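Quick note: residue numbers are just sequence positions, from 1. These numbers were taken from a predicted model, which means no experiment stands behind them.
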Amino acid sequence: MHKSRLALTLLVCSLLTTPTFAQTAATVGAAPAAMGSPLYTTFGEKPGLVKLVDDFMERLVADPRTEPHFKPADQKHIKAQLVDQICVALGGPCVYKGADMKTSHSNLDITKADFNALVEVLQLAMEAKGIAFGAQNQLLAKLAPMHRDVITVKD
């Protein structure tokens, strides 16, 4: 069952990254909404996002596929950036002030397999926090277009 959910989610993400459906990177970093969206509320607003990202980072460091990228990094800084970035993507009142994805990942040698592993780990963290599958897919759909700037090693 879990593998079929993962396959479905990856399929949805890949479909959503086609030009017809893709969200521009500028939209993810857009000005915050005046009030939080229902999706932002579903994720528990900022306190819920902090808990989610704390769990996500622990899993990224523990997973042998993602550990080489995250263990030596400034985890506290990355967590703060992820909270703001996800908050903006969910329509929350946060402002993401970090570098654009292309710049921040340009020298990290990230493959498609690395990116997919990160998505899987994010799904596990969301599942552990009790976030409904539909809400998970909505967030993944908003983040999926970033793959164009995050994956730096082309097959």
Side-chain angles (χ1 to χ4, degrees), residues 1-14 16-17 22-30 32 39-40 42-90 92-133 135-155:
M1 174 68 178
H2 179 69
K3 284 188 177 190
S4 63
R5 284 181 59 188
L6 177 59
L8 174 63
T9 300
L10 291 175
L11 174 64
V12 168
C13 287
S14 67
L16 290 168
T17 60
Q23 168 184 351
T24 64
T27 306
V28 174
L39 189 56
Y40 174 67
T42 297
F43 275 77
E45 299 178 340
K46 192 144 185 184
L49 293 178
V50 169
K51 289 177 186 174
L52 171 63
V53 171
D54 284 346
D55 182 84
F56 181 40
M57 184 59 70
E58 287 178 20
R59 291 170 187 273
L60 287 169
V61 172
D63 191 301
R65 301 169 302 167
T66 54
E67 180 265 340
H69 292 289
F70 290 94
K71 189 171 186 177
D74 181 351
Q75 295 170 27
K76 183 176 178 180
H77 175 74
I78 292 172
K79 288 193 300 187
Q81 295 295 301
L82 285 171
V83 167
D84 286 343
Q85 194 170 42
I86 293 169
C87 177
V88 170
L90 294 173
C94 306
V95 175
Y96 174 72
K97 296 178 183 173
D100 64 87
M101 294 297 95
K102 190 171 198 97
T103 302
S104 62
H105 295 88
S106 64
N107 65 342
L108 298 179
D109 297 326
I110 298 172
T111 66
K112 186 174 184 179
D114 295 329
F115 184 84
N116 289 342
L118 179 134
V119 171
E120 290 175 27
V121 173
L122 177 57
Q123 287 177 291
L124 291 171
M126 290 189 289
E127 193 170 291
K129 294 299 173 198
I131 297 167
F133 185 66
Q136 291 181 33
N137 281 341
Q138 288 179 60
L139 173 60
L140 292 173
K142 291 176 181 296
L143 299 177
M146 291 181 189
H147 84 280
R148 292 182 205 98
D149 294 331
V150 172
I151 298 171
T152 57
V153 177
K154 306 301 179 198
D155 296 329

Point-to-point distance, once rounded to the nearest 0.5 Å, from [atom1] of [X] to [atom2] of [Y]:
| X | Y | atom1 | atom2 | result |
| --- | --- | --- | --- | --- |
| Asp55 | Glu127 | CG | CD | 11.0 Å |
| Ile131 | Leu52 | CD1 | CG | 4.5 Å |
| Leu49 | Lys79 | CG | NZ | 13.5 Å |
| Phe43 | Leu139 | CZ | CG | 4.5 Å |
| Arg65 | Asn116 | CZ | CG | 9.0 Å |
| Asp74 | Gln81 | CG | CD | 9.5 Å |

Would a 4.5 Å heavy-atom cut-off, applied to side chains only, mark [X] and [Y] as touching?
| X | Y | result |
| --- | --- | --- |
| Val53 | Ile86 | yes |
| Phe115 | Thr111 | no |
| Val121 | Leu118 | no |

**Report entry** Salt bridge Lys97-Asp84, side-chain N to carboxylate O under 4.0 Å
**Finding:**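 Salt bridge between Lys97 and Asp84, a charged N being under 4.0 Å from a carboxylate O: no.
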
**Report entry** Worked check of side-chain contact (heavy atoms from CB on, under 4.5 Å) between Leu90 and Thr42
**Finding:** CA-CA 9 Å; Leu90 294 173; Thr42 297; over 6 Å; no

Report task. Report the residues that fulfil salt bridge (charged side-chain N to carboxylate O under 4.0 Å, His left out) with Lys129, sequence neighbours left out, ordered by chain and then residue number. Result ->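 If we apply the salt bridge (charged side-chain N to carboxylate O under 4.0 Å, His left out) test to Lys129, skipping adjacent residues, there are no hits.
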
Report task. Can you sort out the partners of Lys51 under salt bridge (charged side-chain N to carboxylate O under 4.0 Å, His left out), two or more places apart, ordered by chain and number? Result ->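 Here no residue qualifies.
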
Query raised in the report: Which residues satisfy the side chain to side chain contact (heavy atoms under 4.5 Å, CB included) test with Val61, sequence neighbours excluded?
Result: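 Only Met57, Phe70, Lys71, Gln75 meet the side chain to side chain contact (heavy atoms under 4.5 Å, CB included) criterion with Val61.
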
Query raised in the report: What's the shortest heavy-atom distance between Cys87 and Pro93, and which atoms?
Result: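 Scanning both residues completely, I find the closest heavy atoms to be SG-N, 3.9 Å.
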
Query raised in the report: What pair of heavy atoms forms the shortest contact from Ala89 to Lys142, and how long is it?
Result: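 Closest heavy-atom pair between Ala89 and Lys142: O-CD, 2.8 Å.
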
Requested in this report: Take His69 and Leu60 through the side-chain contact (heavy atoms from CB on, under 4.5 Å) test and state the conclusion after the steps.
Outcome: CA-CA 9 Å; His69 292 289; Leu60 287 169; over 6 Å; no

**Report entry** Polar side-chain atom of Tyr40 near backbone of Lys46 as donor-acceptor pair, under 3.5 Å
**Finding:**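 Flag set: sc Tyr40 to bb Lys46 pair under 3.5 Å.
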
